[in-house]
Enquirer: 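To start, I am sharing the structure in question, which I have written as structure tokens.
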Amino acid sequence: MVIRSFNIQKFERVMTSSLSPPAITPSYDFNSPQLPFILHRLECCKSMEELKQIHACIIKARPLQTQLVLDKFLSCALSTLGSLDYAQSFFSQIRNPNLYAYNAVIRGFSRSKNPMQSLLFYGEMLEKGFCPDNFTIPFLLKACAELRTLREGEGIHSQSIKNGLVWDVYVRNTLMRMYAVCGVTGAAQKLFDESCHRDLVSWTTLIQGYVENGFPGQAIQVFLEMSMTKLKADGKTMVIVLSACSELGDLDLCRKIHSYIQDNKVYLDLFVENALVDMYLKCGDIDSACRLFNSMPKKNVVSWNSMILGLTQQGEFKEALLVFRSMQRDGAEPDDVTLVGVLNSCANLGVLELGKWVHAYVDRKGIRADGFIGNALVDMYAKCGSIDQAFGVFKNMQHRDVYSYTSMIAGLAMHGEGERALDLFSEMSRVGMKPDEVTFIGILTACSHVGLVEEGRQYFEDMSRVYKLKPQIEHYGCMVDLLGRAGFISEAEEFIRKMPIEPDAFVWGALLGACRIHGKVELGERIMKKLVEIEPEKDGTFVLMSNIYASANRWRDAVKVRKAMKERKMKKIPGCSLIELNGMVHEFRKGDKSHPKTKEIYKMLDEIMSRLRQEGYVAHTMSALLDVAEEEKEHALCHHSERLAIAFGLISTSPGTPLRIVKNLRVCSDCHSVTKFISKVFRREIIVRDRNRFHHFRGGSCSCKDFW
DNA sequence: CTAGGGTTAG
């Protein structure tokens with residue numbers, strides 16, 4: 001066949017040597033026998049070389065120079081191969097190009113990486129005396145939407161009015177889309193209201209505009225309005241409506257929307273199913289999400305991601321990792337969204353080994369540890385206790401954004417490295433990176449953990465004055481914590497009184513915590529009354545108060561508080577510690593005897609205690625006395641979950657291996673001093689993450705300098 | 001022969 005034996009060298013000569021390139025004149029002859037073949041080749045065309053061969057064929061065979069071929073050729077050159085120059089030079093060979101040819105090029109450019117080109121090309125078209133038609137306008141508007149350029153978009157809008165095209169549904173819908181993308185939902189709504197014929201796309205575009213601009217409630221409103229008309233939503237509409245639902249987190253609404261899908265027999269394709277799974281998870285109905293997910297005949301990576309991320313957001317980290325395991329068993333390839341979700345779960349559980357595995361996987365796949373992935377890695381390493389590794393990833397990132405800095409600052413703060421956190425903050429302003437509200441939470445926590453009161457005050461002030469950020473309730477909480485912890489109790493109280501927002505349980509809780517550290521019984525009692533009003537079911541308040549009594553040696557009152565807790569049938573959150581060994585997570589509760597190695601663990605605990613006594617350790621019995629209701633008096637303290645985890649770690653690893661422990665509550669003061677002793681006597685580095693921060697125990701002291 | 005609306009992420 002002619003095409004196969006075509007000599008590319010000869011073709012190149014034709015292209016480059018002739019002064020005027022061979023012109024192409026489009027015809028409307030559809031009878032060429034080669035036509036279907038050439039169309040097919042264009043559709044499959046993947047390389048420039050192949051495209052040039054096809055080009056040559058078109059030049060040689062007049063009958064192939066049809067509008068359809070030209071269009072396909074242009075879109076192949078523009079969108080598949082992304083060669084704007086080549087397409088343009090091809091266009092210049094067309095003798096007397098008509099509007100159709102112009103449209104084809106404009107469309108090609110609008111879909112390319114450089115949509116601006118299509119607007120420029122449109123200018124050329126106007127200069128040649130052509131007027132846009134109902135095809136030209138949507139292409140141009142798509143380019144404007146892509147570029148988020150409202151100004152150009154408005155220009156096209158007026159052009160379409162001038163040319164009498166706004167009454168075309170396509171033109172109007174793309175106009176709506178353009179306005180929505182540029183954030184002007186009002187203009188989209190106006191176009192919608194003014195039109196006399198609205199199709200499903202009009203409704204969908206309006207709904208999507210509201211969702212994307214942060215008005216999911218409004219989006220649902222529009223959808224409900226639509227459901228009163230004769231129009232029936234299809235899958236594409238539903239996916240958007242479902243995402244609005246996810247955002248609202250309203251489970252009742254979720255179920256209503258799901259019934260709409262069933263009643264109207266909307267076809268459940270993969271998109272709709274994924275959106276349903278995502279919606280149920282975001283609304284907290286994990287069971288329904290799992291049922292749907294398990295019943296899906298086919299899943300893609302988004303299905304898996306929706307499950308993993310949704311579970312992570314619901315705080316079901318272990319489940320999220322289990323889903324990841326079955327994803328791997330299923331042979332599905334994770335993408336970077338998957339990895340972000342997995343890293344997030346690792347960070348929350350504190351499972352360093354799996355986190356490291358993900359890092360290695362990222363490297364192996366040649367994915368750069370940048371952007372989302374880089375930030376997730378920084379966060380994971382920081383929350384898993386490897387602050388140096390976190391810093392390493394951070395330093396290696398090519399593009400650091402606010403999130404990167406914020407994660408790193410919060411990480412350093414958690415590890416008690418206040419000064420380094422503040423240094424990083426100055427680096428941020430040096431490189432011109434604007435901190436956000438979350439950054440300031442990190443900064444204030446850093447100051448608080450290290451006791452940098454003056455600096456903290458300054459940052460809090462700068463936040464609104466220099467950075468124009470409005471402090472939120474969390475920031476006030478940080479400040480109360482900072483002042484109270486450092487002993488400025490009355491200033492902290494004063495601070496609360498002057499707050500422009502109503503103080504919440506966290507703010508009062510911070511002050512109550514300060515009362516415990518500084519033995520302020522009366523103030524503690526007053527705060528407790530307030531806290532019981534705000535959140536009567538919270539056990540932490542009572543525990544803290546009884547500890548305040550205990551440290552003032554008011555044992556009777558301490559016991560009374562404990563009794564009150566029992567009478568209120570409050571469930572104390574059981575202390576729970578995790579330790580990861582060889583990729584396995586071992587979980588211990590207080591007094592746990594369920595571990596297969598229980599015998600050895602308790603034997604080790606005895607050994608630890610006797611060796612510590614030899615070293616001069618005396619138990620802080622006060623916390624013990626309270627927890628003990630019945631028999632196990634002297635043992636109660638020894639069986640706090642972190643000690644079980646440490647004992648297990650000691651017998652299961654070779655000497656010198658650091659132990660990493662994650663605890664759900666805060667470390668009690670007795671366990672804190674025991675762990676210090678262990679780190680010295682057994683020569684182990686022990687890294688404990690508690691509810692608030694990290695403690696690095698080494699050689700008999702802790703990185704928190706007993707300030708926590 | 002050309003056209004518009006779709007799911008997951010700090």
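Computation of the quantities below employed the complete heavy-atom set of this structure, encompassing side-chain atoms and omitting hydrogens, waters and symmetry-equivalent molecules. This structure is a prediction, so every number in the text was calculated from the model and none was measured. We name chains A, B, ... by the order of the sequence lines, and we start the count at 1 in each one.
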Enquirer: I want to verify a distance call: between dG4(B), dG6(B), dA9(B), whose nearest atom is closest to the Phe372(A) side chain?
Expert: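 From the listed options, dA9(B) comes nearest.
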
Enquirer: Roughly how many Å is it from CG in Asp370(A) to P in dA9(B), rounded to a whole number?
Expert: 20 Å

Enquirer: Measure from the side-chain heavy atoms of Asn173(A) and tell me the nearest of dA9(B), dG6(B), dG4(B).
Expert: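 Nearest nucleotide to the side chain: dG4(B).
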
Enquirer: So, Phe271(A) and dT7(B): ring centres less than 5.5 Å apart, planes less than 30° off, yes or no?
Expert: no

Enquirer: Nearest to the Val302(A) side chain among dT7(B), dG5(B), dT2(B), which nucleotide is it?
Expert: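 Shortest atom-to-atom distance from the side chain points to dT7(B).
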
Enquirer: Kindly compute the distance separating CG (Leu349(A)) from CG (Leu354(A)), expressed to the nearest 0.5 Å.
Expert: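 If I round to the nearest 0.5 Å, the distance is 9.0 Å.
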
Enquirer: Can you find a donor-acceptor pair, distance only, under 3.5 Å between Asp234(A) side chain and dG6(B) base?
Expert: no

Enquirer: Report yes if a side-chain nitrogen or oxygen of Arg107(A) is closer than 4.0 Å to either non-bridging phosphate oxygen (OP1 or OP2) of dA3(B); otherwise report no.
Expert: yes

Enquirer: Below 30° counts as parallel, above 60° as perpendicular, anything between as tilted: where do the rings of Tyr102(A) and Phe121(A) land?
Expert: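 Answer is tilted, since the angle falls between 30° and 60°.
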
Enquirer: Can you check whether Lys282(A) has a side-chain N or O nearer than 4.0 Å to OP1 or OP2 of dT7(B)?
Expert: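 Checking Lys282(A) against dT7(B): no side-chain N or O falls below 4.0 Å of OP1 or OP2.
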
Enquirer: Indicate, yes or no, whether a donor-acceptor pair under 3.5 Å links the base of dG4(B) to the side chain of Thr205(A).
Expert: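 Answer is no: no donor-acceptor pair is held.
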
Enquirer: Does any donor-acceptor pair link the side chain of Thr174(A) with the base of dG4(B) at a separation under 3.5 Å?
Expert: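 No such pair is found, so the answer is no.
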
Enquirer: With a non-hydrogen cut-off below 4.0 angstrom, is Val171(A) in contact with a base, only sugar-phosphate, or nothing?
Expert: nothing

Enquirer: State, to 0.1 Å, how close Leu444(A) and Cys478(A) come at their nearest heavy-atom pair, and which atoms those are.
Expert: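 Heavy-atom minimum between the residues: CB-CB, 3.7 Å.
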
Enquirer: Does the side-chain ring of Tyr170(A) lie flat on the base of dG4(B), meaning centres under 5.5 Å and planes less than 30 degrees apart?
Expert: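 Stacking is absent between dG4(B) and Tyr170(A), given that the ring centres and planes do not meet under 5.5 Å and under 30°.
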
Enquirer: Is Arg177(A) close enough to dA3(B) that one of its side-chain N or O atoms is under 4.0 Å from OP1 or OP2 there?
Expert: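 It does not, given that no N or O in the side chain of Arg177(A) lies less than 4.0 Å from OP1 or OP2 of dA3(B).
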
Enquirer: Please state how far atom CG in Leu292(A) lies from atom P in dT7(B), giving the value in whole angstrom units.
Expert: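 Going from Leu292(A) (CG) to dT7(B) (P), I get 18 Å.
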
Enquirer: Kindly point out which of dG4(B), dA3(B), dG6(B) is positioned nearest to the side chain of Lys236(A)?
Expert: dG6(B)

Enquirer: In terms of side-chain heavy atoms of Asn305(A), which of dG5(B), dA3(B), dT8(B) is nearest?
Expert: dT8(B)

Enquirer: Between dT8(B) atom P and Gln313(A) atom CD, what is the distance in whole Å?
Expert: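 It is 10 Å, rounded to the nearest whole Å.
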
Enquirer: Look at all strands and tell whether Val301(A) reaches a base, only sugar-phosphate, or nothing, counting heavy atoms closer than 4.0 Å.
Expert: nothing

Enquirer: Could you check whether Leu200(A) gets within reach of a base, just the sugar-phosphate, or nothing at all, counting any heavy atom under 4.0 Å?
Expert: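 Leu200(A): base contact, heavy atoms under 4.0 Å.
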
Enquirer: With a non-hydrogen cut-off below 4.0 angstrom, is Asp168(A) in contact with a base, only sugar-phosphate, or nothing?
Expert: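 It contacts base atoms.
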
Enquirer: Which residues satisfy the salt bridge (Lys or Arg N to Asp or Glu O under 4.0 Å) test with Lys298(A), sequence neighbours excluded?
Expert: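 By the salt bridge (Lys or Arg N to Asp or Glu O under 4.0 Å) rule, Lys298(A) matches no residue at all.
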
Enquirer: Once you apply a heavy-atom cut-off of 4.0 Å, does Asp379(A) come out as touching a base, just sugar-phosphate, or nothing?
Expert: nothing

Enquirer: Name the nucleic acid region contacted by Thr237(A), choosing base, sugar-phosphate or nothing; use a 4.0 angstrom heavy-atom cut-off, strictly under.
Expert: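 Counting heavy atoms under 4.0 Å across all strands, the contact made by Thr237(A) includes a base.
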
Enquirer: Just how far, in rounded Å, is C1' of dT7(B) from CZ of Phe293(A)?
Expert: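 The distance from CZ of Phe293(A) to C1' of dT7(B) comes to 13 Å, rounded to the nearest Å.
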
Enquirer: Of all the nucleotides listed (dT7(B), dG5(B), dA9(B)), which has the minimum atom distance to the side chain of Val239(A)?
Expert: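 Selected nucleotide: dT7(B).
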
